[in-house]
Amino acid sequence: MFFSRARRRRKLLSQPMPEAWQTILRANVRHYRHLPAADRAHLADTMRVFIAEKDWAGCNGLEMSDEIRVTIGGSACLLVLGVPDFYFERVKSILVYPTVYTHHQHQSGMLVEEDVPVEGEAWFGGPVILSWRDVRRGARNPYDGRNVVLHEFAHQLDALDGAMGGTPPWPTADLAHRWEELIDREFEDLVDAVSHGRPTLIDPYGASNRSEFFAVVSECFFELPAELRHWHPDLYEMLVAFYRQDPATWLKPAEAKGNHGHGSIRL
């Protein structure tokens, strides 16, 4: 199976990428414009394998299109640009709604809230679910600190160690220990800032729990890297080590927005 999959991938990548896909990447995945040429080529190849190996489904009448697949695939694969031959193999399907959709929140098996508008979800061992409106809006603006695709696929990276707890798998025990100490401190600082109404570079939604903290700081790492490096240098350094990328070297600084509001949630 491994060899047949490798052959399929080689055959796929031996063919040129459709020109229209290049146009979509430049228009909808704004990070793509800023990457060095070699990284742009690597991102495109990773995205093509990613697209080919997932089951895609439009929900609530949304018709799937190349624009949807390329925008989501290009954004998701930005996370693994520094990791060769990784295509989120555990994610088998991607469900896309036209806009935010209803989520019924449960706690301890009991329904506690209905009709919560959701931009996206990442299910452990299951699909990633996304709002196309929010996918496109976030992907086209790399400076607003919000990107639902980066958020949900960061959750999938977090889950690689068997749980979504805010600690993704690290290559060494020393790095894992350093991350645990750092996330404890940074998470508590964010919780304290949010509880006292202080503006924050890191999205306040990250104060929900450590899993959401990892997802939102991953968004911030790719969308506002210079700002994160300035205000949270230790956190930025650890994320450089994890993602094996340094986006502050290729994405120009933007004006820090701070204290992003939420009319809908990402899970």
Side-chain angles (χ1 to χ4, degrees), residues 29-32 34-36 39 42-43 46 74-84 86 88 120 122 138-139 141-161 163-191 193-194 200-254 256-258 260 266:
V29 185
R30 297 295 294 274
H31 288 86
Y32 181 77
H34 301 280
L35 291 171
D39 286 340
H42 179 46
L43 178 64
T46 304
S75 299
C77 291
L78 184 68
L79 291 168
V80 294
L81 192 59
V83 184
F86 183 85
F88 290 97
N141 184 352
Y143 297 118
D144 65 354
R146 290 174 61 85
N147 185 307
V148 67
V149 177
L150 295 179
H151 184 99
E152 302 308 340
F153 279 90
H155 278 315
Q156 292 294 342
L157 294 176
D158 183 13
L160 289 175
D161 65 350
M164 289 185 184
T167 299
W170 289 89
T172 69
D174 177 63
L175 284 172
H177 178 68
R178 287 173 56 192
W179 174 255
E180 288 286 358
E181 289 188 334
L182 180 62
I183 193 175
D184 282 348
R185 183 173 72 249
E186 293 277 1
F187 176 73
E188 293 304 327
D189 286 349
L190 181 63
V191 170
V194 172
T200 60
L201 175 70
I202 298 171
D203 194 318
Y205 189 54
S208 303
N209 54 59
R210 282 168 172 74
S211 176
E212 297 301 344
F213 181 84
F214 175 71
V216 300
V217 297
S218 293
E219 289 179 89
C220 194
F221 177 70
F222 284 100
E223 298 241 322
L224 298 169
E227 292 81 358
L228 186 67
R229 184 176 61 181
H230 177 77
W231 294 106
H232 302 270
D234 294 339
L235 185 57
Y236 186 82
E237 179 186 354
M238 286 298 294
L239 291 171
V240 167
F242 178 72
Y243 284 109
R244 306 179 197 178
Q245 302 183 62
D246 190 355
T249 62
W250 45 261
L251 192 64
K252 296 178 181 179
K257 304 300 181 183
H260 309 289
R266 295 160 293 169

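Using modelled atom types and a 3.5 Å distance limit, the side chains of His155 and Glu212 yield a donor-acceptor pair.
Side chain of His31 to main chain of Phe222: a donor-acceptor pair is present (N/O by atom type, distance under 3.5 Å, no hydrogens or angles). Judged purely by atom type and a 3.5 angstrom limit, Glu152 uses its side chain to pair as donor or acceptor with the backbone of Ala122. With Glu180 contributing its side chain and Leu175 its backbone, the two residues share no donor-acceptor pair below 3.5 Å.
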(request) Please test Arg210 against Asp184 for salt bridge (Lys or Arg N to Asp or Glu O under 4.0 Å), starting from the C-alpha separation and ending with a verdict. (result) CA-CA 8 Å; Arg210 282 168 172 74; Asp184 282 348; 3.1 Å; yes
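Closest of all the heavy-atom pairs between Ala207 and Val194 is CB-CG2, 4.1 Å. Among all heavy-atom pairs drawn from Phe213 and Leu190, the shortest one is CD1-CD2, 3.8 Å. Among all heavy-atom pairs drawn from Pro225 and Leu251, the shortest one is CD-CD2, 3.8 Å. The shortest non-hydrogen separation linking Ala139 to Ser75 is CB-OG, 3.7 Å. Residues Pro169 and Asp161 share a closest heavy-atom pair of CD-N, 4.0 Å.
We find the CG-CG distance between Asn141 and Asn147 to be 9.5 Å, quoted to the nearest 0.5 Å. For the atom pair CG of Asn209 and OH of Tyr205, the computed distance is 7.5 Å after rounding to the nearest 0.5 Å. In this structure, CG in Asp234 is found 11.0 Å from CG in Leu239, a value given to the nearest 0.5 Å.
In this structure, Met164 and Phe214 have side chains that are not in contact, with every pair of non-hydrogen atoms separated by 4.5 Å or more. Between Arg30 and Tyr143 there is no side-chain heavy-atom pair separated by less than 4.5 Å. Side-chain atoms of Tyr236 and Asp246, non-hydrogen and from C-beta on, do get closer than 4.5 Å to each other. Proximity of Trp179 to Thr167: side-chain heavy atoms (C-beta onward) are separated by under 4.5 Å at one or more points. For the pair Ile202/Leu235, a side-chain contact is recorded, criterion being any heavy-atom separation below 4.5 Å from C-beta on. Contact check for Asp203 versus Cys220: no side-chain heavy atoms found under the 4.5 Å cut-off. Residues Ser211 and Asp158 form a side-chain contact, since some pair of their non-hydrogen atoms from C-beta on lies under 4.5 Å apart. Looking at Phe242 and Pro168, their side chains come closer than 4.5 Å, going by heavy atoms from C-beta outward.
Among the candidates Leu79, Leu81, Leu157, the single residue satisfying the side-chain contact (heavy atoms from CB on, under 4.5 Å) test with Phe86 is Leu157. Paired with His232 under the rule side-chain hydrogen bond (donor to acceptor under 3.5 Å, both in side chains), one option of Glu227, Glu237, Glu186 passes, and it is Glu186.
Taking the side-chain hydrogen bond (donor to acceptor under 3.5 Å, both in side chains) definition, one finds that Ser218 meets it with Tyr243, sequence neighbours left out. Residues satisfying the side-chain contact (heavy atoms from CB on, under 4.5 Å) test with Asp189, not counting sequence neighbours, are Arg185.
Open room surrounds NE2 on His177; 12 or fewer heavy atoms of other groups in view lie less than 6.0 Å from it.
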